[in-house]
Peer 1: 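Structure below; questions to follow.
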Amino acid sequence: MYDTVRTLQFEKVEEIEEFVNAASKCDFEIDIKCNRMFIDAKSILGVLGIGLGHDFLVCYGGDNADFENVVDKLAVA
C-alpha cells in the first residue's frame with residue numbers, strides 16, 4: 001500500500017504549514033498515522049490536530065523531491 005513510512009515530529013507551527021504545502025503539491029496519497037488514527041497529510045486542520053512534540057508516521061507511495069526534503073528535515077532519528 002505504501003512504499004515509504006517515516007517517523008516525523010513537528011516542533012513549530014511553521015513546520016506544519018511547510019509540510020502541508022509540500023504534501024499538497026504531490027499527486028499521490030500521503031497519510032499520517034498518529035496513534036490509531038489516519039489523517040490526510042494535505043489537510044491543514046487534520047495535521048494541526050496532531051499538535052507539536054509528538055512522533056507520528058507519515059506514509060506515502062510516490063516520489064517528489066520537494067516533499068522528500070521537508071520529510072528529511074522533520075525526520076526523527
Peer 1: Could you tell me whether the side chain of Val47 reaches within less than 4.5 Å of the side chain of Ile32, counting heavy atoms only?
Peer 2: yes
Peer 1: Of all the heavy-atom pairs spanning Ala41 and Phe19, show the shortest one and how long it is.
Peer 2: CB-CE2, 3.7 Å
Peer 1: Is atom CD of Glu15 surrounded by more than 12 heavy atoms (other residues, nucleotides or ligands) closer than 6.0 Å?
Peer 2: yes
Peer 1: Following the transitive rule for hydrophobic clusters with a side-chain heavy-atom cut-off under 4.5 Å over Ile, Leu, Val, Met, Phe, Trp and Tyr, establish whether Leu57 and Leu52 coincide in one cluster.
Peer 2: no
Peer 1: State plainly whether one hydrophobic cluster holds both Phe10 and Val13, where clusters connect Ile, Leu, Val, Met, Phe, Trp and Tyr through side-chain heavy atoms under 4.5 angstrom apart.
Peer 2: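 Looking at the clustering, Val13 is in the same group as Phe10.
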Peer 1: When you measure from the side chain of Lys33 to the backbone of Asn35, do you find a donor-acceptor pair of N or O atoms at a distance under 3.5 Å?
Peer 2: yes
Peer 1: Say you draw a straight line from CG of Leu45 to CG of Asp40; how long is it, rounded to the nearest 0.5 Å?
Peer 2: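 Output value for this atom pair is 11.5 Å.
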Peer 1: Can a donor-acceptor pair be found, under 3.5 Å and without considering hydrogens, that links the side chain of Lys42 to the backbone of Cys26?
Peer 2: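 Indeed, once roles are kept as given, a pair shorter than 3.5 Å links the two residues.
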Peer 1: Is any side-chain heavy atom of Val5 less than 4.5 Å from a side-chain heavy atom of Val58?
Peer 2: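 Side chain of Val5 against side chain of Val58, heavy atoms only: no contact under 4.5 Å found.
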Peer 1: Counting only heavy atoms from other residues, nucleotides and ligands, does the tally under 6.0 Å from CG of Asn21 exceed 12?
Peer 2: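 Atom CG in Asn21 is packed in, count exceeds 12.
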Peer 1: Please report the closest heavy-atom contact between Gln9 and Asp55, naming both atoms and the distance.
Peer 2: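 Between these two residues, the closest heavy atoms are NE2-OD1, 2.7 Å.
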Peer 1: Nearest 0.5 angstrom please: Arg6 CZ to Cys59 SG, how far?
Peer 2: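 Spacing of CZ (Arg6) from SG (Cys59) equals 12.0 Å.
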Peer 1: Under 6.0 Å between the ring centres of Tyr2 and Tyr60?
Peer 2: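 No: the rings miss the under 6.0 Å criterion.
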Peer 1: Judged by atom type as modelled, is there a donor-acceptor pair below 3.5 Å linking the side chain of Asn64 to the main-chain atoms of Asp66?
Peer 2: yes
Peer 1: Indicate the atoms forming the closest heavy-atom contact of Val70 with Ala22, along with that distance.
Peer 2: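 Heavy atoms only, the tightest pair is CG2-CB, 3.9 Å.
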Peer 1: Would you call Val71 and Leu8 a side-chain contact if the rule is heavy atoms closer than 4.5 Å?
Peer 2: yes
Peer 1: Tell me the closest heavy-atom pair linking Cys34 and Ile50, and the distance in Å.
Peer 2: SG-CG2, 4.3 Å
Peer 1: Rounded to the nearest 0.5 Å, what's the gap from NZ on Lys25 to CZ on Phe67? Could you check?
Peer 2: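 Spacing of NZ (Lys25) from CZ (Phe67) equals 12.5 Å.
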Peer 1: Assigning hydrophobic clusters by single linkage (Ile, Leu, Val, Met, Phe, Trp, Tyr; side-chain heavy-atom cutoff under 4.5 Å), is Phe38 placed with Phe56?
Peer 2: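 Per the 4.5 Å side-chain linkage, Phe38 and Phe56 are not co-clustered.
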Peer 1: Carefully, step by step, assess Asp31 and Ile39 under the rule side chain to side chain contact (heavy atoms under 4.5 Å, CB included).
Peer 2: CA-CA 6 Å; Asp31 291 319; Ile39 299 163; over 6 Å; no
Peer 1: Should we say atom CG of Asp72 is surrounded by more than 12 heavy atoms from elsewhere, each under 6.0 Å from it?
Peer 2: yes
